[in-house]
2 protein chains.
Amino acid sequence: MSDTQVGDSLLFLTDEQLRQGIEAVFFAYQGFTAAPDLVLEGTQYGRAHHRALHFIARAEGMKVTRLLTILGVTKQSLNRVLRTLIEDGLVESRVGRADKRERHLFLTPEGAALESRLSGAQRKRMRAAYRQAGPEAVAGFRQVLEALMDPEQHRTYMSLREGKS
Amino acid sequence: MSDTQVGDSLLFLTDEQLRQGIEAVFFAYQGFTAAPDLVLEGTQYGRAHHRALHFIARAEGMKVTRLLTILGVTKQSLNRVLRTLIEDGLVESRVGRADKRERHLFLTPEGAALESRLSGAQRKRMRAAYRQAGPEAVAGFRQVLEALMDPEQHRTYMSLREGKS
DNA sequence: CTTGGAATGTCAACAAGCCTGACTTATTTT
DNA sequence: AAAATAAGTCAGGCTTGTTGACATTCCAAG
């Protein structure tokens with residue numbers, strides 16, 4: 001297709017525009033993780049622990065398998081993280097009532113406290129960016145992010161929002 | 001401030017909305033890196049090599065220090081990556097003419113070929129998302145990403161676009 | 001002109017985090 | 001009883017990041 005056919009409306013799909021978008025994601029992601037990373041420095045934990053805490057807080061009672069698919073890591077990798085969180089009393093693992101093979105994960109008060117500090121730092125950052133960009137930009141932001149996800153990741157993303165505004 | 005004061009216009013700043021945005025970034029970033037990761041699997045390199053190749057391609061003749069600030073890693077970490085790329089003949093390091101302490105980085109034809117494959121895969125993914133979301137959404141996407149960057153990162157980001165559309 | 005500080009880049013050793021593969025235990029389903 | 005599922009473990013390896021020590025080069029103050 002020629003330039004005259006596509007017109008100006010598709011100029012946002014040029015290689016240069018896409019390259020700028022890619023770099024924007026890269027730099028923004030650095031800013032995105034900076035705030036919780038600062039909180040983590042004062043603890044013995046890393047990003048992997050943060051992610052686990054976030055999603056357990058998001059859906060209390062979550063099974064280990066669910067967490068595995070969400071995080072997209074291997075069982076061994078998650079298990080090391082989970083073990084330390086359980087040993088340190090931040091997460092509680094309860095045997096399933098219906099199916100005793102399953103373990104359901106909950107935050108202890110200590111775990112909830114740390115998760116709250118991490119989440120608060122990240123939300124603060126996010127809120128500042130949202131406020132600066134405005135509601136319409138945020139709507140577009142969300143649209144592109146959703147389009148960027150794998151279909152499977154998108155399904156997981158949507159499923160976490162059930163019953164929430 | 002009360003709900004009646006702020007009205008509906010600030011509902012996008014609620015904790016729940018911010019949390020969803022945070023999760024969207026998380027899942028989208030997985031999709032964002034998936035395409036080049038597939039290309040990398042066929043090579044002996046990792047994401048760190050991809051990032052270095054990307055920015056060297058972006059600004060040929062770039063100094064090592066510049067690359068350090070862009071990537072936000074220690075010079076030792078970058079050096080290992082750079083050393084293998086140079087040894088394998090993907091990157092060329094030339095001593096600075098004015099200042100002989102400096103090393104200027106260039107892609108060899110082989111390096112440019114790999115960079116092109118990586119970049120092409122990622123742009124394809126990005127283009128699909130952009131096309132699906134539309135130009136207005138993309139504009140908002142870029143606005144929020146820029147607001148999410150650290151001021152320093154934002155300066156770096158802008159400086160890479162000098163002379164480009 | 002020289003000397004000391006600053007900047008640039010390199011090397012060595014080590015830690016964090018994630019991966020694969022093989023295996024165990026307990027439980028549920030067929 | 002056999003197969004499948006959920007969770008957890010052990011061993012070993014790779015990538016990416018870290019800190020600390022060091023060589024080279026440049027520049028500016030004495």
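Keep in mind that what you see is a predicted model, and the values were worked out from it rather than measured. All values below were derived from every heavy atom in this structure, side-chain atoms included, with hydrogens, water molecules and symmetry-related copies excluded.
For B:Arg127, the salt bridge (Lys or Arg N to Asp or Glu O under 4.0 Å) criterion is met by A:Asp15, not counting sequence neighbours. Taking A:His104 as the reference, A:Lys63, A:Glu102, A:Phe106 meet the side chain to side chain contact (heavy atoms under 4.5 Å, CB included) condition, with sequence neighbours excluded. Take B:Arg142 and apply the salt bridge (Lys or Arg N to Asp or Glu O under 4.0 Å) test, not counting sequence neighbours, and it matches no residue. Scanning for salt bridge (Lys or Arg N to Asp or Glu O under 4.0 Å) contacts around A:Glu136 gives an empty result, with sequence neighbours left out. Contacts of A:Phe26 classified as ring-ring contact (aromatic ring centres under 6.0 Å, His included), with partners at least two apart in sequence or in another chain: B:Phe55.
For CD of B:Glu152, the number of neighbouring non-hydrogen atoms (other residues, nucleotides, ligands) closer than 6.0 Å is 12 at most.
Within residues 27-38 of chain B, no residue approaches DNA chain C, by heavy-atom distance under 4.0 Å.
What separates CZ of B:Arg103 from C1' of D:dC26 is a distance of 13 Å, to the nearest Å.
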Donor-acceptor list for residues 90-99 of chain B side chains, cut-off 3.5 Å, not counting sequence neighbours:
unit_1: B:Glu92; atom_1: OE2; unit_2: B:Arg94; atom_2: NE; d: 3.3
unit_1: B:Asp99; atom_1: OD1; unit_2: B:Arg101; atom_2: N; d: 2.9
unit_1: B:Asp99; atom_1: OD1; unit_2: B:Arg101; atom_2: NE; d: 3.1
unit_1: B:Asp99; atom_1: OD2; unit_2: B:Arg101; atom_2: NE; d: 3.3
unit_1: B:Asp99; atom_1: OD2; unit_2: B:Arg101; atom_2: NH2; d: 2.8

Show which side-chain atoms of residues 67-81 of chain A pair as donor or acceptor with protein atoms under 3.5 Å away, not counting sequence neighbours.
unit_1: A:Thr69; atom_1: OG1; unit_2: A:Arg66; atom_2: O; d: 2.7
unit_1: A:Thr74; atom_1: OG1; unit_2: A:Ser77; atom_2: N; d: 3.4

Using residues 111-121 of chain B as the side-chain source, report each donor-acceptor pair under 3.5 Å to any protein atom, sequence neighbours left out, with the distance given to one decimal.
unit_1: B:Glu115; atom_1: OE2; unit_2: A:Arg19; atom_2: NH2; d: 3.0
unit_1: B:Ser119; atom_1: OG; unit_2: A:Arg19; atom_2: NH1; d: 3.0
unit_1: B:Ser119; atom_1: OG; unit_2: B:Arg123; atom_2: NH1; d: 2.6

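You'll find that the side chain of B:Glu102 is closest to C:dT8, out of D:dG8, C:dT8, C:dC11.
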Show me the protein contacts with nucleotides 13-18 of chain C, counting only N or O atoms at under 3.5 Å.
unit_1: C:dC18; atom_1: OP1; unit_2: A:Arg51; atom_2: NH2; d: 2.5

N/O-N/O pairs, protein side and nucleotides 22-25 of chain D side, under 3.5 Å:
unit_1: D:dT25; atom_1: O2; unit_2: B:Arg101; atom_2: NH1; d: 3.4

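Among pairs with a residue in residues 41-56 of chain A, those fulfilling salt bridge (charged side-chain N to carboxylate O under 4.0 Å, His left out) read A:Asp37-A:Arg47, at least two apart in sequence or across chains.
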